[in-house]
Amino acid sequence: KCIGVPPSTSTDIFKEAVYNKMGRDDFRMEMLNWFDMLSDEPVPQAETILDALTKHLEAKLSFGKGERDMIILRNDVGIRHSTGELETKHITLVVYGDPNGFSAMAKTVGYPTAITAKMVLDGEIQTKGLVLPLTKNIYGPLLKRIQAEGIQINAKSSFSD
């Protein structure tokens with residue numbers, strides 16, 4: 001109904017209507033097709049549309065045997081010192097998931113969260129409310145404990161005037 005075709009419409013006419021609704025964007029249509037969003041496959045049974053979509057994507061995006069994920073992060077941070085010198089810190093992180101263990105996403109989200117929660121419970125962090133980990137008493141121990149879990153962060157600096 002939202003694309004203006006009746007439910008009895010043929011697959012080809014339906015796909016053409018979706019293509020028009022997408023502004024005739026080839027890339028978007030390619031992605032919809034890759035995700036099997038326009039296939040004749042039955043929609044997974046679920047209580048809500050969002051739950052059905054989630055089930056569909058879980059099936060489509062699950063790791064195959066022996067597959068793993070990878071996270072690559074690079075931040076370049078500029079610091080102007082009082083001398084006028086510009087330092088650029090190049091911070092990189094590469095984490096691989098374990099095919100038979102935690103994904104890289106689970107490691108990079110779960111470890112810091114769990115470590116920080118333990119720091120709060122143990123009284124190492126006593127600040128109340130929303131706390132950003134921008135002070136050395138928080139990020140220092142956190143980084144050391146994350147590294148002990150196998151997540152290595154590399155930082156290098158370059159200088160210019």
Side-chain angles (χ1 to χ4, degrees), residues 2 18 21-23 25-39 41 43-161:
C2 69
V18 170
K21 187 76 171 177
M22 294 288 191
D25 185 320
D26 291 333
F27 178 76
R28 286 171 134 184
M29 281 302 289
E30 188 178 318
M31 289 303 101
L32 285 176
N33 284 317
W34 188 88
F35 281 111
D36 291 332
M37 299 301 290
L38 303 176
S39 75
E41 293 290 316
V43 174
Q45 290 293 317
E47 290 187 29
T48 68
I49 293 171
L50 182 58
D51 290 341
L53 176 62
T54 300
K55 284 183 175 184
H56 175 77
L57 292 177
E58 281 175 352
K60 179 71 178 169
L61 298 175
S62 294
F63 292 123
K65 187 168 176 63
E67 288 184 330
R68 63 184 182 162
D69 65 336
M70 175 178 68
I71 292 179
I72 300 172
L73 171 77
R74 175 164 175 147
N75 286 326
D76 294 324
V77 180
I79 304 163
R80 177 72 64 186
H81 294 281
S82 59
T83 61
E85 185 177 46
L86 177 64
E87 176 183 4
T88 304
K89 286 200 176 267
H90 310 281
I91 305 161
T92 58
L93 166 80
V94 178
V95 179
Y96 295 93
D98 297 322
N100 299 311
F102 293 122
S103 67
M105 183 62 77
K107 291 177 186 181
T108 57
V109 173
Y111 290 160
T113 303
I115 291 166
T116 303
K118 184 157 178 19
M119 290 171 72
V120 170
L121 292 171
D122 291 347
E124 290 182 68
I125 300 173
Q126 296 184 354
T127 310
K128 304 292 183 208
L130 178 64
V131 180
L132 297 175
L134 302 177
T135 57
K136 197 166 192 158
N137 67 321
I138 295 175
Y139 73 75
L142 181 59
L143 287 175
K144 284 181 184 163
R145 291 173 189 158
I146 290 170
Q147 289 174 345
E149 295 296 334
I151 296 176
Q152 300 301 315
I153 300 161
N154 298 306
K156 295 181 181 177
S157 291
S158 60
F159 296 88
S160 60
D161 293 327

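Computed from a predicted structure; not experimentally measured.
- Residues H56 and V43 are not in side-chain contact: their nearest non-hydrogen atoms beyond the backbone lie 4.5 Å or more apart.
- Within a 6.0 Å sphere centred on CG of L134, other residues, nucleotides and ligands contribute more than 12 heavy atoms.
- Residue-environment remark: CE (M105) stays at or below the threshold of 12 foreign heavy atoms within 6.0 Å.
- Atoms CG and CD, from L32 and E30 in turn, are 10.5 Å apart once rounded to the nearest 0.5 Å.
- For CZ of F63, the number of neighbouring non-hydrogen atoms (other residues, nucleotides, ligands) closer than 6.0 Å is greater than 12.
- Side-chain atoms of Q152 and Q147, non-hydrogen and from C-beta on, do get closer than 4.5 Å to each other.
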For this session: Give the C-alpha distance, both sets of side-chain angles, the deciding distance and a yes or no for salt bridge (Lys or Arg N to Asp or Glu O under 4.0 Å) between E41 and K60.
Result: CA-CA 12 Å; E41 293 290 316; K60 179 71 178 169; over 6 Å; no

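- Around CZ of F159, the count of heavy atoms belonging to other residues, nucleotides or ligands within 6.0 Å exceeds 12.
- In this structure, Q45 places its CD atom where only 12 or fewer heavy-atom neighbours from other residues, nucleotides or ligands lie under 6.0 Å away.
- In this structure the side chain of K107 never reaches within 4.5 angstrom of the side chain of E149, judged on heavy atoms.
- Looking at heavy atoms from C-beta onward, L53 lies in side-chain contact with M37 at the 4.5 angstrom threshold.
- With L142 as reference, T116 is the one residue of I125, N137, T116 to meet the side chain to side chain contact (heavy atoms under 4.5 Å, CB included) rule.
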